[in-house]
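From a predicted model like this one, the values you see are computed outputs, not experimental measurements. Chain A is the first sequence line, chain B the second, and so forth, proteins listed ahead of strands; every chain is numbered from 1.
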Amino acid sequence: MILRRIDRLLADRRIVATKTVGRPFDPRLAAAVATVEDPAAADGIVVEEVRPGFLWQGELLRPAEVIVARRDVRNGDDT
Amino acid sequence: MIEDIVGIDLGTTNSEIAVYRDGRPEVLMDELGRKILPSVVGVGETGDLLVGEDARNQFILYPERTIRSIKRRIGSNDKVHLAGSEYTPQEISAIILRRLKDIAEQSLGRPVRKAVITVPAYFSDTQRQATREAGEIAGLEVVRIVNEPTAAALVYEAAQHQGKRILVYDLGGGTFDASVVRIEAGVVEVISSHGNNHLGGDDFDHKIVEHILDHLKIKQGVDVSDQPKAMARILRSAEAAKKHLSDHPYARIEEEYLAETAGKPIHLALELSREEYEGMIAPFIEETLGAIHVALESASLTSSQVDEILLVGGATRTPLIRRRLREAFARDARGEVDPDLCVALGAAIQGGAIAGAEVSAVLVDVTPYTFGTSALGELNGELYPYQYVPIIAKNTAIPVHKSEVFFTIRDDQSTVEVRVYQGENADALENIQIGEFHVEGLSKAPAGNSIILDLALDRDGILHVSAKEKNTGLERRITIDRAMSRYGKDDLDDARQRITDLFDAEDEDGLPGSSGGATGAPTDAPLAALVAKAQAKLDEAGDEDRAELIDLVDVIADCQERSDLAGLEVASKQLSDLLFYLET
């Protein structure tokens with residue numbers, strides 16, 4: 001019952017989940033939380049969603065958190 | 001019109017931009033309503049420039065095309081590599097400044113040309129010059145470089161004429177600084193500063209992550225540290241738990257289907273108490289106290305010569321920091337201005353002053369009194385049943401919501417008495433009692449049964465108090481109106497009488513929020529209104545909801561007839577929840 005209500009609430013408020021899996025990573029819609037070497041997926045393609053993201057009337061409400069396919073992962077140039 | 005001079009906090013982790021207008025500083029928001037811009041710059045897959053959250057989002061995926069913490073390198077001759085090109089640290093900083101400038105122009109609707117930019121007090125001339133250059137590359141005339149602790153002091157003490165010595169405790173995501181600042185006739189000067197460039201709130205998160213990993217190893221025999229998805233979820237849970245523990249004594253850490261081992265799902269469910277958490281981070285806090293002593297020594301000051309302690313940086317929301325500072329300085333630190341935005345606000349005040357505005361310190365709605373309860377404890381070295389336990393400290397920004405845990409003192413204790421006081425004295429009986437109630441019917445448990453006392457003070461000065469038995473959820477609530485009114489000793493009896501009346505009324509009908517001393521059948525107005533609302537909703541509700549509404553209205557009528565107060569409370573709560581869903 002609660003789930004049904006939440007779905008209805010979200011739809012009423014025009015909140016939609018972003019679609020990320022199987023698409024190229026877009027930093028405006030999703031945050032990469034990890035990379036994996038996945039021979040089945042091309043470089044830079046989202047392979048899994050850890051947490052869904054949402055849009056409200058086309059505006060980003062919350063970015064998705066995703067895992068992205070990456071070959072030849074080098075170390076970051078940080079600090 | 002006076003030209004705007006914006007104030008910019010160009011931070012290691014995050015940056016903000018603010019402006020002084022209509023007599024006060026204000027942090028400006030981007031088009032999505034965000035006030036904080038992560039200090040991260042990147043180049044996207046298609047070669048476009050990313051600044052802020054978008055750049056941070058791709059850091060793990062494309063570290064070679066993303067730069068963070070550039071502030072650590074400003075003033076050096078290092079070149080940074082970004083997507084195949086070389087840049088100076090000034091150029092990267094300029095990209096962040098340029099984005100802030102755009103945010104400000106969009107928000108203000110006019111061009112922004114001049115800025116005050118803050119830097120750490122320990123920055124060398126070279127580092128300051130490089131920061132100034134970054135501003136100029138971004139198209140800003142940097143009218144002044146201001147020390148971060150100076151900006152923080154201005155937020156609290158601008159237009160202060162009396163001389164003061166202020167300790168600024170600044171603990172951000174990844175850096176810590178303690179600075180001694182002197183303010184005299186409106187002039188602010190940093191006397192000394194000491195810190196650790198690699199200590200901050202991120203370290204607290206990692207301690208909780210380690211704790212969770214240990215828990216999984218011991219309780220479930222699994223190690224998920226090599227599973228990126230599980231680790232990402234654990235890190236997010238740890239951050240959420242850290243924030244929750246700033247205001248509450250316990251945090252639940254729960255993640256379903258965290259991972260799989262031998263085809264069986266692993267769920268994470270553990271409770272972290274504030275006490276355990278404080279144990280983990282205590283060494284970090286002790287280190288900051290050490291740094292304070294170095295800063296005080298180089299300023300030739302003793303702790304008693306400090307007139308004020310100001311808290312800056314998001315990590316200072318951790319209550320252990322306030323507590324340790326109180327122990328060390330015998331005074332309460334102030335942090336009522338949002339510690340994430342404080343430095344930017346101070347920079348804007350400085351900008352306003354240079355532009356010729358008559359500036360003043362930031363005023364925040366705060367509680368002028370401490371609220372707390374009494375418990376068995378020590379007073380002057382002796383066991384005493386009315387030791388005062390402050391829960392909401394005075395000068396806390398309101399609205400505020402805090403809870404603390406207390407424990408029963410006898411086995412099978414069935415009742416606890418909760419008293420609520422306003423005042424500062426360590427002996428609760430010397431403070432002003434503004435409320436009292438009992439929680440009855442506690443479960444049979446050995447001494448040490450946890451009772452969570454929760455105090456929420458809203459902007460209208462209404463204090464909501466609840467006490468809840470942790471293991472059963474048994475709860476009792478009261479509401480104290482006008483909690484922030486000053487109770488003089490003469491008014492005390494009046495106040496007591498008023499409160500007593502309030503409680504008498506509540507005891508009779510057993511419903512929170514009801515007023516008046518109605519006797520007999522509990523047919524009070526809020527309940528009648530609730531039922532009327534439910535009846536009005538019947539037509540528009542779906543079948544399932546309608547059936548539920550009818551059921552609940554029946555149950556309420558039945559309880560009223562039988563004077564079943566407990567049943568009434570449950571049913572009316574369910575009904576108001578259902579109405580809430582239907583209305584939203």
Inset, instruction - Might you work through the salt bridge (charged side-chain N to carboxylate O under 4.0 Å, His left out) test for Arg62(A) and Glu53(B), ending with a clear yes or no? - result: CA-CA 11 Å; Arg62(A) 182 180 93 177; Glu53(B) 217 155 292; over 6 Å; no

Inset, instruction - Using the test side-chain contact (heavy atoms from CB on, under 4.5 Å), find all partners of Glu255(B) that sit at least two apart in sequence or belong to another chain. - result: Arg233(B), Ser237(B), Leu258(B), Leu268(B)

Legend entry - Arg98(B), CZ atom: more than 12 neighbouring heavy atoms under 6.0 Å: no

Inset, instruction - Taking all heavy atoms of Thr35(A) and all of Pro228(B), pick out the closest pair and write down the distance. - result: O-CG, 4.5 Å

Inset, instruction - Mind checking the CD1-CD spacing from Ile67(A) to Gln227(B)? Nearest 0.5 Å is all I need. - result: 10.0 Å

Legend entry - Side chain Arg28(A), main chain Asp54(B), donor-acceptor under 3.5 Å: no

Inset, instruction - Mind ranking Gln58(B), Lys229(B), Lys71(B), Arg56(B) by heavy-atom pairs under 4.5 Å with chain A and telling me who comes out on top? - result: Lys229(B)

Legend entry - Glu59(A)/Glu31(B) under side chain to side chain contact (heavy atoms under 4.5 Å, CB included): CA gap, chis, key distance, verdict: CA-CA 10 Å; Glu59(A) 230 173 51; Glu31(B) 62 282 1; over 6 Å; no

Legend entry - Set of residues satisfying side-chain contact (heavy atoms from CB on, under 4.5 Å) with respect to Ala232(B), sequence neighbours excluded: Val33(A)

Legend entry - Closest heavy-atom pair and its distance - Asn57(B), Pro27(A): ND2-O, 2.8 Å

Legend entry - Which atoms of Asp48(B) approach chain A - backbone, side chain, both or neither, heavy atom under 4.5 Å: side chain

Inset, instruction - Evaluate the side-chain proximity of Glu45(B) to Phe25(A): yes if any heavy-atom separation is below 4.5 Å, no if none is. - result: no

Legend entry - Whether over 12 other heavy atoms sit under 6.0 Å from Asp226(B) CG: yes

Inset, instruction - Give a yes or no on this: more than 12 heavy atoms of other residues, nucleotides or ligands lie within 6.0 Å of atom CD of Gln57(A). - result: yes

Legend entry - Region of Arg65(B) that comes under 4.5 Å of a non-hydrogen atom in chain A: neither

